[in-house]
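For reference, the structure discussed in these notes is given below.
For the numbers below, each heavy atom of this structure counts, side chains included, while hydrogens, waters and symmetry mates do not. Since the model is a prediction, treat every value here as computed from it, not as a measurement. Start at 1 and go down the list; that is how both ligands and their atoms are numbered.
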Amino acid sequence: MGTALIYDEEMTKYKLLWVDPACKFEVPERLTVSHGALVESGLADRCVSVPVREATDAEILLVHSAEYLEAVKTTPSMSLEDLMEFTLQYGDVYFHPNIYHCAKLAIGASLQLVDSVMTGKVRNGMALVRPPGHHSMHSAASGFCIFNNVAIAARYAQQRHGAKRVLIVDWDIHHGQGVQYCFEDDPSVLYFSWHRFEHQKFWPQLKESDFDTVGKEKGAGFNINVPWNKVGMQNSDYLSVFFHILLPVAYEFCPDLVLVSAGFDSAIGDPEGEMRATPDIFAHLTHLLMNLAEGKVCAVLEGGYNLTSLPQSVCQTVHTLLGDPAPCPANLDAPCKSALESLQCVRSVHRTYWSCLRHAADLPTSCSTKHINTAEGADQEPTEESSQEIFWPPPMKRVFPPTRTAVVLPDDVACPDGCKRWSLLEHPDPQLCLSALVDKMVKNEICNGLVLVPDVSVAMICLAQHAVAALNKRLLVVCVGDGMVPIQGTEDGKTLVVHFSRKESEEQRGKHFITVHLTKGCGDASGFIQAVLSLLLPLGYEYDPGLVLLVQKPDSGVCDSMWRQLTGLLQGLAQGHMLVVMQEDERKHIGPTCSSLLGIAAPSLGQLHSLLPEDVEALERLRRRLTPDWKLLQTTVAEEP
Ligand SMILES: COCC(O)(O)CCCCCNCCCN
Ligand SMILES: [Zn+2]
């Protein structure tokens, strides 16, 4: 299944007709450079081009009032003076004779994308639109937005396609208050937004953009605000919020559709965001969402004003939507103190609504006091716009290996569609065969592989030794199932073993040999997925291996959908170089494993029940033990003594 790309140059045909410093950088070039980069890189040709259409009045009225729609309808025939007069009633937005037309196309593009994904015509997609939408409200334009594209798309997906639960992920650097207002009492739409806030000093300077606005009445818990109280947030800060807030909650919510308010003013170089996350981070943010809702992900452009990092970020997002392996995450280190403070605040206020956050810590003392007197900060100016030139390396070219998935199977087992059989014939010695396969992966001739062997333990040792010794690559070994893990020599840090087991392991074998104890092992989806999201992934991203070895021990009890989630999520590491090793009598897992290795989204796990209390305690004990060595596991600020 393909990736839809929806764009029409008509949406570049409006611009600011007078002087207004607040709106000066919302220019048509934002769209032309983004689309141009997709064409230039060959990505546009790999997408399914879907035409735009105009939204109907009924679709606009899903979110907006008739009065507001009627008012906007009068703008095409207005004189310049009338347009300026009309604009004055709203904030940080401008009107133009053609903006109503473009606003209808922006909604129509979003709805065409929803249709294409919900009907299964494509797997996922991106709509490049102008004007953006997430600030516009029931009866008001705001922040360059006329109509709320994504809010209308969410309501449309529910009414037209029967989507029950819709997740909106807003990674734009501004708070989409229009989306928040639209769904704040609605438990069927979970709105997640991070945004520059600076203790309410930053636009739109709303108290209700802070972490303690969680939704109202039945919608309580279904509105998640992550305020960035400082500029300069980096990749580690963004990933930490995904691992410790968004992903655990998103998997518990179990959406039928994921809409992304894809604003790229959260990328480095943007004059509005002033953050320092690099464009490749959007490859990982996108990848981490692609096993939700069976892969039904619709990204709709919001903001993004740096005409270099915007197209780079758009390309990173589309690369990943197409299934291309993600680049290795750029220089991750610890999340900053301010990010940790926000992380702890959000987890604390949401722990009553989400079982995956039940064990979250209390509000940090600093934040509760500062939280009381932030009102003082409201009237001050936000951080001065930095004038010095900012540089960042262009994202690495993402070359797709000639073979995506190689398989080593017993002769009597057919090679699954789309895979390439790696025959034992050329390499009579099975161990040599495995080593040769690893060599091809490291040379990027093969992306990933599945190997069925007589004895996983023997294979594991051989592969570990070869990968580390011969290839000098850091190796992450993820082992699922009880029993010994015969990997020696993790002391040198060249191998990190994470073992999911029902048995509490007595010996703690140091920082690089981690046993995750789950009462029911991998049989309990909610315990297992939470351990994967908030323990395994942070460890894996921080370790940044060159190769991932995923081993399924015999009778591990892991179910197909769980196994495919794990196989899918781990492909965000090591540029997708993952080798799955299973016992050769585990034939029923061959098909499901290969579909994940081929990039097909995993089935959803269903709405997850609460974690077992003993698992929660075990995971928290493990986190406390590991956090001094693994910074991305942190979820709280170190309390001042
Ligand atoms: C959905 O629109 C995308 C967006 O969120 O990027 C719009 C931002 C409007 C920012 C308005 N204040 C500008 C003040 C000048 N420094
Ligand atoms: Zn923005």
Side-chain angles (χ1 to χ4, degrees), residues 11 14-16 19-31 34 63-64 87-88 90-95 99 102-103 106-107 109-110 127-137 140-154 168-182 191-198 200-206 209 225-228 231 233 238 259-275 277 282 285 299-307 309-310 313-314 380-387:
M11 288 183 277
Y14 78 91
K15 63 182 181 181
L16 182 58
V19 175
D20 176 358
C23 299
K24 70 177 183 302
F25 44 70
E26 204 298 304
V27 295
E29 289 71 23
R30 295 179 54 236
L31 228 40
S34 298
V63 166
H64 298 283
T87 297
L88 286 177
Y90 306 114
D92 287 46
V93 64
Y94 63 86
F95 279 81
I99 200 167
C102 295
I107 302 167
S110 309
L128 288 178
V129 300
R130 256 182 100 237
H134 69 164
H135 297 299
S136 64
M137 293 161 271
S142 168
F144 315 151
C145 306
I146 308 304
F147 298 127
N148 204 311
N149 308 320
V150 166
I152 293 169
I168 299 175
V169 177
D170 188 335
W171 67 46
D172 184 287
I173 206 60
H174 296 90
H175 181 219
Q177 83 280 24
V179 183
Q180 171 169 301
Y181 297 149
C182 186
Y191 178 57
F192 167 93
S193 170
W194 62 39
H195 33 270
R196 183 177 170 179
F197 187 61
E198 290 179 294
Q200 208 177 324
K201 285 182 292 187
F202 189 70
W203 190 89
Q205 295 183 293
L206 298 170
S209 299
N225 285 334
V226 180
W228 298 125
V231 292
M233 293 299 170
Y238 288 7
L259 299 177
V260 182
S261 266
F264 296 104
D265 41 16
S266 41
I268 191 167
D270 193 277
E272 271 292 288
E274 294 191 78
M275 299 299 169
F282 295 102
L285 302 185
V300 179
L301 182 70
E302 296 277 5
Y305 308 98
N306 178 301
L307 300 183
S309 62
L310 168 61
S313 304
V314 166
Q380 287 152 28
E381 273 308 296
T383 314
E384 272 314 298
E385 270 197 36
S386 57
S387 55

Open item on the list: Nearest N/O/S atom of D172 with respect to the Zn ion (ligand 2), by atom name, please.
Closed with: OD1
Task: E272 N/O/S atom closer than 2.8 Å to the Zn ion (ligand 2) - done: no
Open item on the list: Quick one about D170 and Y191 (side-chain donor to acceptor, distance below 3.5 Å, no hydrogens or angles considered), yes or no?
Closed with: yes
- [ ] Can you figure out which of F264, Y305, W203 has its heavy atom closest to atom 4 (C) of ligand 1?
- [x] Y305
TODO: Would you give the angle at the Zn ion (ligand 2) between H174 atom ND1 and D265 atom OD2, to the nearest 10°?
DONE: 100°
Task: Polar side-chain atom of N306 near backbone of G269 as donor-acceptor pair, under 3.5 Å - done: yes
Task: Numbered atoms of ligand 1 (with element) below 4.0 Å of H134, judged on heavy atoms - done: 1 (C), 2 (O), 3 (C), 4 (C), 5 (O)
- [ ] Could you list the atoms of ligand 1 found under 4.0 angstrom from a heavy atom of D92?
- [x] 11 (C), 12 (N), 13 (C), 14 (C)
TODO: Check whether any N, O or S atom of H134 sits under 2.8 Å from the Zn ion (ligand 2).
DONE: no
Open item on the list: Under a 4.0 Å threshold between the charged nitrogen and the carboxylate oxygen, would R130 count as salt-bridged to E26?
Closed with: yes
Open item on the list: Tell me whether S110 contacts the main-chain N or O of N149 through its side chain, where contact means a donor paired with an acceptor under 3.5 Å.
Closed with: no
- [ ] Taking only heavy atoms of E302 into account, list the atoms of ligand 1 that are under 4.0 Å away from them.
- [x] 1 (C), 3 (C)
Task: ligand 1 contact by A22, heavy-atom criterion under 4.0 angstrom - done: yes
TODO: Could you tell me whether the Zn ion (ligand 2) has an N, O or S atom of E302 under 2.8 Å away?
DONE: no
Task: Side-chain donor/acceptor of H134 to backbone N/O of E302, under 3.5 Å - done: no
Open item on the list: Could you walk me through whether W228 and F202 satisfy the ring-ring contact (aromatic ring centres under 6.0 Å, His included) test, starting with their C-alpha distance in whole Å, then the side-chain angles of each, then the deciding distance to 0.1 Å, before giving a yes or no?
Closed with: CA-CA 10 Å; W228 298 125; F202 189 70; over 10 Å; no
Task: Positive for side-chain hydrogen bond (donor to acceptor under 3.5 Å, both in side chains) with R196, one of H175, H174, E274 - done: E274
Task: ligand 1 atoms in contact with H174 (distance to a heavy atom under 4.0 Å) - done: 4 (C), 5 (O), 6 (O), 8 (C), 10 (C)
Task: Verdict with reasoning, W171 to Y238, per ring-ring contact (aromatic ring centres under 6.0 Å, His included) - done: CA-CA 9 Å; W171 67 46; Y238 288 7; 9.4 Å; no
- [ ] Using a strict 4.0 Å cut-off to heavy atoms of C145, name the atoms of ligand 1 that fall inside it.
- [x] 1 (C), 2 (O)
Task: Proximity to ligand 1 by part of E272, non-hydrogen separation under 4.0 Å - done: side chain
Open item on the list: Can a donor-acceptor pair be found, under 3.5 Å and without considering hydrogens, that links the side chain of H135 to the backbone of G91?
Closed with: no
